[in-house]
Number of protein chains: 2
Amino acid sequence: MAVNLKQLAELLGLSQTTVSRALNGYPEVNAETRRRVLDAVRTTGYRPNRAAQRLATGKAYSIGLVMPIASGIDSDIHFGEFLAGLAEEALKHDFHFVLNPSAPDDEEATFRRLAASGNVDAVFLAYMRRNDPRIPILKSLSIPFVVHGRSIGGPRDYPFLDVDNTRAFYDAAKLLLQLGHHRIALINGPEYLAFSLRRKKGLMLALEEWGLHHDEALVHHSVMTDEYGYRSMQSFLQRPDPPTAVLCSSTVLALGVVRAINQAGLGIGRDISVIAHDDVLPMLKPENFSVPLTTTRSSLRAAGARIATRLIASILNRGDYPQQELWRAELVVRASTGSAPGR
Amino acid sequence: MAVNLKQLAELLGLSQTTVSRALNGYPEVNAETRRRVLDAVRTTGYRPNRAAQRLATGKAYSIGLVMPIASGIDSDIHFGEFLAGLAEEALKHDFHFVLNPSAPDDEEATFRRLAASGNVDAVFLAYMRRNDPRIPILKSLSIPFVVHGRSIGGPRDYPFLDVDNTRAFYDAAKLLLQLGHHRIALINGPEYLAFSLRRKKGLMLALEEWGLHHDEALVHHSVMTDEYGYRSMQSFLQRPDPPTAVLCSSTVLALGVVRAINQAGLGIGRDISVIAHDDVLPMLKPENFSVPLTTTRSSLRAAGARIATRLIASILNRGDYPQQELWRAELVVRASTGSAPGR
DNA sequence: GGAATCCTCCAAAGCGCTTTGGATACCTGT
DNA sequence: ACAGGTATCCAAAGCGCTTTGGAGGATTCC
């Protein structure tokens, strides 16, 4: 059943050279011939042998992945979702993964090992921090990479895909301001992560524009779990002047937030408005919340798939993708946002 | 810097054949010669080219992984932890992964594709269900595999690594019974998973042995998140005859359980005893709970690593590992367990 | 009409390893 | 001393692909 190049070539009465070239899009092959080849591929189900290609080209046809482990719940549900997107796309192109579980303080060594092994053509990077040290490292190792997110500070001269987090939270905050909210809290991701900083900045920009003072006490940073969402919200509610609206960096956080609000006997969208960033986790849909959640939406899985696409295209140097992309998150208004109470 | 076989052979004044054989443990090579070869490998840092090996041997040197996604929070923190162990070990042996994100209802097709692709030598399998259909499928595809956990029902003639969950929860329940508890609740994983069923069975065995009736209302099945732990515990506490002890299938569940107990103003280990199964998640240590948690401990990461070891050994047919392993979880008694109240 | 150019295609040489099918020398036992 | 082992080693043939360096014919240009 499984044919190889040689057999395919014989079948077509062509040389392996020509068939190979036809398949790899080289110009020196007649259009009609190429069509015949492609047809034959379809009927025979020919699939090039990756091992042979690896040997002949020196390419690895696989991408490196540093998997955050240990301290911090980074290796959380968000990572899995992202990974799913990456993997799905990689599978289509028959690319493998080299998964490198690594503690944050060991990442440099991990990258060096990875680059030296020659086992990967490119590397994927996420959880960007401010002045992220990994970027210069990867540059110096001269191994292609694409970053999810982007660093804060330092030159912005590397390939990335990021969501415009500043904008997303600016938009969300603005909606709340227009609804008359003045005290807006933020339950954010870990402070050392760039996206957290940008989201906070988004909120602050909106407040500033509105001529409002920003209260640092209304911003919490933590791991993005249900648990912390609950605790943060509880502590906000215990203040003498609780916020009338809250922004959450994840629907996972929102889960806890909602619980705390319910428990306090308050009404979501009435007494307190809630907006969460929605990474489109399949198991946590904002529309399924008891009070459907207003969100800033941007699919994490889609981002994973897109990065895989770009990574693979650059390895095969096919296709032409922008090196830097900033996705705009969509503000989806649902029932969890309403006018500020007493207005 | 990087030498290849040919250069290494020249350097040693040997043929490639001999060097190759020395490295791969063939008998027809002099002990002294082998030592010289191994020495040379060390000094030159020779690493065989995987692509060439793949081509020559037809082996893929990679293992297939079906990554549970979509509905159900299966793709949770536990999976990540397991994966980390697997990856760590794979890395040591320069094995790659083929990650197949797949919805449960699509798994069969996924396996077929995987097996047909010839891209993997073996497959890893987890989240066993009762009469799990994937086992016969994989057998019929005649691709080596190792299962984490084991099915319930059907022949037990496949390679697996499992924790003796029945035993673990039997042990835990017995401890509670000895402490005088009679009403023991169980907050378990999803009902369709084999390990959940076994854990329940462990509890029931202990109760039975103690001559106690088992109350079905005291067993909850759900996704293992903080959230559900909290809800379950709350509902238990609202009963007219609340349990005096509770078993949790994960420390993640215990997180919610602890919160519910605290909130009810009850004392852990005094009013209510808690035992959780500890998968040794680095970010959730039972000793760090406000009241240190009594647990049945078995490292998920270690299990991942062990399965990788076995998978790889079987692919390389090196080493001799048991085909079926049943690990015993260790009962670690801490402060969350105490005598039943009023005794 | 002959040289210069294209357009297509091909033979063959690798890529770096494993493995087959012997060689060669050294021991056996008789 | 000789047939038959035994222990070591080697040359060479792949594995299935890419890529170099042409070849052959058709076309174009003066």
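Atoms considered below: every heavy atom in the structure, side chains included; atoms not considered: hydrogens, waters and symmetry mates. A note on names: the letters A, B, ... follow the listed sequences, proteins ahead of strands, and every chain is numbered from 1. Bear in mind the structure is a predicted one, so any value in this text is a computation, not a measurement.
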Tell me, with the steps shown, if A/Asp162 and A/Arg150 meet salt bridge (charged side-chain N to carboxylate O under 4.0 Å, His left out).
CA-CA 6 Å; A/Asp162 197 5; A/Arg150 58 199 205 284; 2.7 Å; yes
Minimum-distance nucleotide to [X] side chain [options: [options]]:
X: B/Thr18; options: C/dG16, D/dC17, D/dC10; answer: D/dC10
X: A/Asn4; options: D/dC17, D/dT18, C/dT19; answer: D/dC17
X: B/Glu28; options: D/dT8, C/dT18, D/dG16; answer: D/dT8
X: A/Leu14; options: C/dC10, D/dC10, C/dT19; answer: C/dC10

Phosphate contact ([N] OP1 or OP2) by [X] side-chain N/O below 4.0 Å:
X: B/Asn49; N: C/dC15; answer: no
X: A/Gln53; N: D/dG16; answer: no
X: A/Thr17; N: C/dC10; answer: no
X: B/Tyr26; N: C/dT20; answer: no
X: B/Asn30; N: D/dC9; answer: no

Take atom [atom1] of [X] and atom [atom2] of [N], then tell me their distance rounded to the nearest Å.
X: B/Glu32; N: D/dC9; atom1: CD; atom2: P; answer: 10 Å
X: B/Arg21; N: C/dG22; atom1: CZ; atom2: P; answer: 14 Å
X: B/Asp94; N: C/dC17; atom1: CG; atom2: P; answer: 12 Å
X: A/Gln16; N: C/dG14; atom1: CD; atom2: P; answer: 16 Å
X: A/Tyr61; N: D/dC17; atom1: OH; atom2: P; answer: 11 Å
X: B/Lys59; N: C/dT19; atom1: NZ; atom2: P; answer: 7 Å
X: A/Leu5; N: D/dC17; atom1: CG; atom2: C1'; answer: 6 Å
X: B/Lys6; N: D/dC10; atom1: NZ; atom2: P; answer: 15 Å

Suppose we call two aromatic rings close when their centres sit under 6.0 Å apart. Are B/Phe82 and B/His148 close by that rule?
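Yes, the ring of B/Phe82 comes within the 6.0 Å limit of the ring of B/His148, centre to centre.
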Is the closest side-chain donor-acceptor distance between [X] and [Y] under 3.5 Å?
X: B/Glu89; Y: B/Thr309; value: yes
X: A/Asp94; Y: B/Asn119; value: yes
X: B/Ser15; Y: B/Thr18; value: yes

Considering heavy-atom distances to DNA chain D, does A/Thr57 or B/Ser15 have its closest nucleotide positioned more toward the 5' end?
B/Ser15
Closest nucleotide of DNA chain D for B/Val29 versus for B/Ala56: which of these residues is on the 5' side?
B/Val29
Identify whether any heavy atom of B/Ser20 sits under 4.0 Å from a base atom; if not, whether one sits that close to sugar-phosphate; answer base, sugar-phosphate or nothing.
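Here B/Ser20 touches the bases of the nucleic acid.
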